[in-house]
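Remember, predicted model here, so these are calculated numbers, not experimental data.
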Amino acid sequence: MKIYLSFLLVGTVSALQLSLVKASRRTFVNKAISATLVTPLLLPLVSQPINALEIVVPDQVTQYEFPQNWGLTFKYDDDAARVRAHMVTATGLGKGADKMEDYGKNLKKEMIDFVSYYRRFPQVSGKPSFSTLYTSINVLAGHYTSYGYKYPLPEKRRKRLYQEYAEIEKSLQRGR
């Protein structure tokens, strides 16, 4: 990180010196182009992805246990964990899964109830787990709205959702 910042500072200072001394436009442009070309080469050396979670996307299933615990308990941690668990199951359902349409309808109602209730409370709506869960709910509800309840999620969307589910779980374990 120090290399990257010092490179930017040196490039910026030299560009300012050039413009202050009224150097030729060609020299300034050449320095700017070389700084632009070298910066992407140095960036991988100094920066690492912050949330580089390696997520394994499980195969889709058609057999599962249909839950009986739909609805809210009005205790945030319990409700967030329950909605997340139901969403994980829904994300893993494949084409032709038993009661897939009923599961999707129940889940969408539960997701809407969850968001409608908890977004009113600033102490809850400011939590990272709520923000990420809200994003996941929007993705899954949008899929149901666009494609219906019988169509399984595409692989790319499933991978993104599983990454968000992992973040939600970590945030809930930390009480955030």
Set of residues satisfying salt bridge (charged side-chain N to carboxylate O under 4.0 Å, His left out) with respect to [X], sequence neighbours excluded:
X	result
E155	R158
K109	D113
E169	R84

Could you list the residues that satisfy ring pair (Phe, Tyr, Trp, His ring centres under 6.0 Å) with Y144, not counting sequence neighbours? Y149
Listed by chain and number, what are the ring pair (Phe, Tyr, Trp, His ring centres under 6.0 Å) partners of Y117, not counting sequence neighbours? F74, F121
Once rounded to the nearest 0.5 Å, what's the spacing between atom [atom1] of [X] and atom [atom2] of [Y]?
X	Y	atom1	atom2	result
Q60	K95	CD	NZ	10.0 Å
E164	S131	CD	OG	11.0 Å
T62	M100	OG1	CE	10.5 Å
T132	F130	OG1	CZ	10.5 Å
T89	L107	OG1	CG	9.0 Å
Y165	R160	OH	CZ	10.5 Å

Got a sec, which residues hit side-chain hydrogen bond (donor to acceptor under 3.5 Å, both in side chains) with [X], two or more places apart in sequence or on another chain?
X	result
D79	T73, Y118
K127	none
Y162	none

For S129 and S171 the tightest heavy-atom approach is CB-CB, 3.6 Å
Any idea which heavy atoms bring S116 and R120 closest together, and the distance? O-NE, 3.4 Å
Using the rule that two of Ile, Leu, Val, Met, Phe, Trp, Tyr join whenever any of their side-chain heavy atoms come within less than 4.5 Å, decide whether [X] and [Y] are in one cluster.
X	Y	answer
V61	L153	yes
Y151	Y103	no
I137	W70	yes

I'd like to check the side-chain contact (heavy atoms from CB on, under 4.5 Å) partners of [X]; sequence neighbours left out, ordered by chain and number.
X	result
R174	K170, R176
P154	H143, R157
D102	F66, K99

Hey, what else clusters with I112 if you join Ile, Leu, Val, Met, Phe, Trp, Tyr whenever side-chain heavy atoms sit under 4.5 Å? none
Give a yes or no on whether K108 atom NZ has more than 12 heavy-atom contacts from other residues, nucleotides or ligands under 6.0 Å away. yes
Main-chain N/O of G142 paired to Y147 side chain as donor or acceptor, under 3.5 Å: no
